[in-house]
Amino acid sequence: MSRTRVKDLLNHTGEDVTLKGWLYNRRSSKKFHFVLLRDGSGIVQCIVTKAEMDEEAFEAIGKIPYESAIEIRGKANADERSPGGVEIHASAVDVISEAEEYPISKQEHGPDFLLSHRHLWLRSKKQVAIMHIRNEVLKTIRDDMHERGFHCIDAPVFTPNSCEGTSTLFEVDYFDDEKAYLTQSGQLYMEAAAMALGDVYCLGPTFRAEKSKTRRHLTEFWMFEPEMAFAGIDEVMDLAEAMLQKIAANVLENCQADLEVLERDTDQLRKALAPFSRISYSEAVERLNDEGHAFEWGGDLGAPDETKISSWFDTPVMVHRYPEAVKAFYMKRDPQDSRVALGVDVLAPEGYGEIIGGGQREDCLQTLMSRIHEHELDPEDFAWYLDLRRYGSVPHGGFGLGVERTVCWLAGIEHVRECIPFPRMLYRIYP
RNA sequence: UCCCCGGUAGCUCAAUUGGCAGAGUAGGUGACUGUUAAUCACUUGGUUGUUGGUUCGAGUCCAACCCGGGGAGCCA
């Protein structure tokens, strides 16, 4: 008999099934064992009755340690007393592999302990639900990109220099005294790819050696970076909005059980399906000051400022046209107002902060060269990048979406470390 | 790098003014007629992060260090 997944059991009521998984929990009395089996797709209650089994086998089932790998055969019955509405009336419970005493219990644990046991913590109900949502986010991104005719072009992980100049990079030895760095963005390479294929994207890990210790930071995180040729900041904002709406819609549609496990307020999420609010940096600064939240034009928005701004809106908010001084060298200045750059950040609602940063790139060779000098970067490092402006330069732009921050917001999680299978953080790289 | 908080049983935490180291949970043994983190009884389990100091006496007070958590800056 082939194996049935827990999530499919409702379609097999009245049938004999075989389940394979791990012992999640057990509640015993003299004549019954209630055995909870989890298989990654869900958890199901199985009842074992003493009357239908020889005594030795019944006793043995009462002693199987938690998280042992087990196989259960029995009849799937619709039963309201069972969580999930289906109960397996077991005829046999076989141990595939008996577990040692399992360190993670049903009670609460501290973050230090859980992070040190991440390889086991991942089995927990809540963590499985988060991974389901992460999976849905990544699937939606790829499906939607391909529907839109974008090409997946992967960016290198080893890079010869910084992409943004100032941020901290992880340095690695790269043969014969040469140094390489782990990428902190695939953007510059995507710009090259966009000139070759039109609309492109990359989706992969990026690395930041910033000594940040907050709930929004990882040293290794996944980023989705689309780049479009013949596009300006408006097209960038339109794409960012459409993608996030599609992602939210698919998670709401396909991850209902997971959102329930996480006790996520789905009414909040549903608001992201409406058109996003758009506000310029200058308008935001003006409103901040009007509300007595003092902020001087010209500075970059900090986390508390962002939280304040996003509190004005139900939907994610797109803040655009930042002062050029606080943005990267490659960002194009606004022809209407040279003080600002054509950049946009998308702030998630409910205080989750920036999940997307992007904009229109500088496409003029001369301007880009002077920017590189102004930022005191070495033009040698950017020779290939400047070539893109020498040979058929066109207006283009794109953005970077932080996958973990997006999942964090959708799943309503406190800390991004739970939104990646094996988080890498300041002072923590195990397991 | 800076600011704040913490470190006591496998785990989550208590311990009054400085005065015998304590629960819950997990593990073990047993009871229980359908359990929902099942329940009930009994039970194993300790170099209180490290080093030094004050004291008749330190989990508690002081100093330094180590480890962890939250935040700032920076960013996605």
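Within every chain, numbering begins at 1; the chains are lettered A, B, ... in the order of the sequence lines, protein sequences first and strands thereafter.
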Look only at the side chain of [X] and the backbone of [Y], and say whether a donor-acceptor pair between them is shorter than 3.5 Å.
X: A:Ser68; Y: A:Ala99; result: yes
X: A:Arg216; Y: A:Arg405; result: no
X: A:Arg5; Y: A:Gly40; result: no
X: A:Thr219; Y: A:Arg424; result: yes
X: A:His33; Y: A:Phe58; result: yes
X: A:His293; Y: A:Asn289; result: no

May I ask you to check whether [Y] and [X] place their ring centres under 6.0 Å from each other?
X: A:Phe150; Y: A:Tyr201; result: no
X: A:Phe221; Y: A:Phe207; result: no
X: A:Trp22; Y: A:Tyr66; result: no
X: A:Tyr189; Y: A:Trp384; result: yes

List the protein contact pattern of nucleotides 44-49 of chain B with one symbol per nucleotide (5' to 3'): B for base contact, S for sugar-phosphate-only contact, - for none; contact means a heavy-atom distance under 4.0 Å. ------
Between N or O atoms, less than 3.5 Å apart, protein on one side and nucleotides 29-34 of chain B on the other: list the pairs.
unit_1, atom_1, unit_2, atom_2, d
B:rC32, OP1, A:Lys30, NZ, 3.3
B:rC32, OP2, A:Lys30, NZ, 3.1
B:rG34, N1, A:Arg81, NH2, 3.3
B:rG34, N1, A:Glu87, OE1, 3.0
B:rG34, N2, A:Glu87, OE1, 3.3
B:rG34, N2, A:Glu87, OE2, 2.5

Does a side-chain N or O of [X] approach OP1 or OP2 of [N] to a distance below 4.0 Å, or not?
X: A:Arg27; N: B:rC40; answer: no
X: A:His109; N: B:rA26; answer: no
X: A:Arg26; N: B:rA26; answer: no

Could you spell out the base pairing of RNA chain B as a dot-bracket line? Use Watson-Crick and G-U wobble contacts where both distances are under 3.5 Å, [ ] for crossing pairs, | for partners on a different strand. (((((((..((((.....[..)))).(((((.......))))).....(((((..]....))))))))))))....
Shortest side-chain distance from [X], nucleotide among [options]:
X: A:Phe113; options: B:rA76, B:rG73, B:rC11; answer: B:rC11
X: A:Arg417; options: B:rA72, B:rG70, B:rA76; answer: B:rG70
X: A:Tyr66; options: B:rC75, B:rA72, B:rG27; answer: B:rG27
X: A:Ser105; options: B:rU25, B:rG27, B:rG73; answer: B:rU25

Pick base, sugar-phosphate or nothing for [X], based on heavy-atom distances below 4.0 Å to the nucleic acid.
X: A:Asp345; value: nothing
X: A:His217; value: base
X: A:His415; value: sugar-phosphate

Applying side-chain contact (heavy atoms from CB on, under 4.5 Å) between A:Val344 and each of A:Arg321, A:Gln360, A:Met237, report the one that passes.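 The single option meeting the side-chain contact (heavy atoms from CB on, under 4.5 Å) with A:Val344 is A:Met237.
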If you take atom types as modelled and just measure distance, does the side chain of A:Ser212 reach the base of B:rC75 with a donor-acceptor pair under 3.5 Å?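 By the distance-only test, no, there is no pair.
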Taking atom [atom1] in both [N] and [M], what distance in whole Å separates the two?
N: B:rA31; M: B:rG69; atom1: P; value: 45 Å
N: B:rU48; M: B:rC5; atom1: P; value: 25 Å
N: B:rG24; M: B:rA63; atom1: C1'; value: 36 Å

The criterion is side-chain hydrogen bond (donor to acceptor under 3.5 Å, both in side chains); which residues satisfy it with A:Asp94, sequence neighbours excluded?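 Listed in chain order: A:Arg73.
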Residues touching RNA chain B, which here means a heavy atom under 4.0 Å, drawn from residues 424-431 of chain A: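 Residues of residues 424-431 of chain A that come under 4.0 Å of RNA chain B are, in numerical order, A:Tyr427, A:Arg428.
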Do A:Glu291 and A:Trp312 have side-chain atoms, one donor and one acceptor, less than 3.5 Å apart?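 Note: A:Glu291 and A:Trp312 side chains meet the donor-acceptor criterion.
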Sequence neighbours excluded - salt bridge (Lys or Arg N to Asp or Glu O under 4.0 Å) pairs with any residue from residues 37-66 of chain A: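 Counting only pairs at least two positions apart or across chains, the salt bridge (Lys or Arg N to Asp or Glu O under 4.0 Å) contacts touching residues 37-66 of chain A are A:Arg38-A:Glu67.
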